[in-house]
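What follows is a short report on a single structure.
Residue numbers begin at 1 in each chain, while the letters A, B, ... track the order of the sequences. What's counted below: heavy atoms across the whole structure, side chains too, no hydrogens, waters or symmetry copies.
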Protein chains: 2
Amino acid sequence: MGEHLEDEEVGSTAAGDLKLTVLSQATGYALRRAQMWSFRDLKARFKPHDISPAQYAVLDVVAENPGLAQARVAEALSIERARLVLMLDRLEERQLLVRVRSTSDRRTHELHLTDKGRELLAQLYKLWEEHERKIEELIGRDGQAALLKLLAPMQ
Amino acid sequence: MGEHLEDEEVGSTAAGDLKLTVLSQATGYALRRAQMWSFRDLKARFKPHDISPAQYAVLDVVAENPGLAQARVAEALSIERARLVLMLDRLEERQLLVRVRSTSDRRTHELHLTDKGRELLAQLYKLWEEHERKIEELIGRDGQAALLKLLAPMQ
DNA sequence: TATTGTTATACTCTATAACTATA
DNA sequence: TATAGTTATAGAGTATAACAATA
């Protein structure tokens with residue numbers, strides 16, 4: 001990898017013939033645009049199921065860690081626990097998961113997917129794989145692996 | 001770069017001893033977390049100036065393209081033009097930029113930074129550079145260049 | 001005292017739709 | 001007709017604070 005970027009067309013972007021010297025070199029801004037692209041793509045794939053990427057993340061964590069308390073889920077996903085309450089209300093209304101009051105610590109709710117939730121998640125998982133394959137098309141399999149490694153220190 | 005990830009500790013993360021097999025391999029999710037980290041860092045640096053990363057982007061585009069119409073700015077930054085109106089109200093109130101009705105096309109406003117706006121932007125630019133250097137510390141200069149290249153197809 | 005789930009509030013952002021003035 | 005700027009609204013998401021039940 002070159003140390004400099006002189007070989008790149010820096011200072012102008014696809015957005016017309018605007019000058020964007022600073023922003024086009026901003027890592028954070030590139031991350032934001034890439035993330036927005038990714039979420040828009042995933043959101044479109046999930047749309048028939050009326051599920052957001054954030055809801056998918058919640059369903060997935062609960063599926064992989066049955067009985068988890070709300071505060072743990074919020075922590076793991078960096079969602080405010082106040083926000084998670086509303087998300088879980090939605091998911092519980094749709095009978096995708098249930099809150100079960102814990103007998104060992106009566107402050108907490110153990111979260112479990114319902115059969116319906118597991119069934120939906122299996123379908124969402126396929127769509128997520130399609131999304132990942134789409135990224136692979138764009139930057140290659142090695143690129144995708146490299147990207148995950150590069151992003152790791154920023155998690 | 002290896003084709004597989006067997007050498008990586010996949011399936012568990014720093015978040016306690018939770019299983020996160022799927023999410024930890026999701027490129028989109030990694031992008032989201034990295035972007036959130038980046039914006040939180042930049043936001044903290046900008047805090048003394050009460051400027052958000054989004055506002056910084058607007059100031060920067062206008063600075064680099066004086067006289068630009070609102071719709072062009074919205075387009076370039078993928079901000080809804082309805083949203084941009086409110087952002088510009090804020091920035092104009094603070095006398096960081098001005099809207100000037102164009103004489104050639106009286107529908108449009110030409111945007112220009114004020115001296116105060118340019119002065120502030122110069123300070124923000126230094127903070128943005130510190131932010132970029134922070135990323136460089138985390139993933140190295142080559143890593144940063146590689147990251148920008150990897151993200152390019154997703155812009 | 002501390003934590004869990006909850007309710008509430010303010011602000012930002014996304015996504016639309018509709019209106020007016022201009023072209 | 002189409003475009004630019006504006007206003008309005010609904011729904012996410014972020015960031016806090018406070019409260020009751022429980023530890």
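Contacts of Ala69(A) with the nucleic acid, taken as non-hydrogen atoms under 4.0 Å apart, involve only primed sugar atoms and P, OP1 or OP2. Glu80(A) comes within 4.0 angstrom of a base, heavy atoms only.
Only Lys43(B), listed by number, bring a heavy atom of residues 41-56 of chain B to less than 4.0 angstrom from any atom of DNA chain D. A heavy atom lying under 4.0 Å from DNA chain D marks the following residues of residues 83-109 of chain B, by number: Val85(B), Arg99(B), Arg107(B), Thr108(B), His109(B).
To the nearest 0.5 Å, atom CG of residue Leu23(A) and atom CD of residue Glu64(B) are 7.0 Å apart. Atom CZ of Arg72(B) and atom CG of Leu77(B) lie 12.5 Å apart (nearest 0.5 Å). Taking CZ of Arg83(B) as the reference point, atom OG of Ser78(B) lies at 14.5 Å (rounded to 0.5 Å). Rounding to the nearest 0.5 angstrom, the gap separating the CZ atom in Arg81(B) from the CD atom in Glu75(B) is 10.5 Å. Taking CE of Met87(B) as the reference point, atom OG of Ser52(B) lies at 5.0 Å (rounded to 0.5 Å).
Scanning both residues, Asp50(A) and Arg94(A), for their nearest heavy atoms gives O-NH1, 2.7 Å. Leu148(A) and Gln25(B) get closest at one heavy-atom pair: CD1-O, 3.9 Å.
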Q: Begin with the C-alpha distance, continue with both residues' side-chain angles, and end with the deciding distance and a verdict on side chain to side chain donor-acceptor pair (under 3.5 Å) for Thr108(A) and Gln70(A).
A: CA-CA 7 Å; Thr108(A) 69; Gln70(A) 294 183 198; over 6 Å; no
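Salt bridge annotation for Arg99(B)-Glu110(B): absent, with no cationic side-chain nitrogen under 4.0 angstrom from a carboxylate oxygen.
Atom CD of Glu75(A) is separated from atom P of dT3(C) by 11 Å (rounded to the nearest Å). For the pair Glu110(A) CD and dG5(C) P, the interatomic distance rounds to 10 Å; values are reported in whole Å. Between the CE atom of Met36(A) and the P atom of dA15(C) there is a distance of 6 Å, rounded to whole Å.
If one axis is set at each end of the helix from dT1(C)-dA23(D) to dA23(C)-dT1(D) from five pairs, those axes are 0° apart, to 10°.
Scanning for salt bridge (charged side-chain N to carboxylate O under 4.0 Å, His left out) contacts around Glu119(A) gives an empty result, with sequence neighbours left out.
Heavy atoms of other residues, nucleotides or ligands lying less than 6.0 angstrom from NZ of Lys116(B) number more than 12.
A donor and an acceptor atom, one from each side chain of Ser102(A) and His109(A), are nowhere located under 3.5 Å apart.
Here the side chain of Arg32(A) is nearest to one of dG5(C), dT14(C), dT3(C), namely dT14(C).
On the nucleic acid side, DNA chain D has its first and last nucleotide under 4.0 Å of a heavy atom of chain A at dA12(D) to dA23(D), going 5' to 3'.
With a 4.5 Å cut-off between side-chain heavy atoms of Ile, Leu, Val, Met, Phe, Trp and Tyr, the cluster of Met154(A) takes in Leu31(A), Trp37(A), Ile135(A), Leu138(A), Ile139(A), Leu147(A), Leu150(A), Leu151(A), Leu31(B), Trp37(B), Ile135(B), Leu138(B), Ile139(B), Leu147(B), Leu150(B), Leu151(B), Met154(B).
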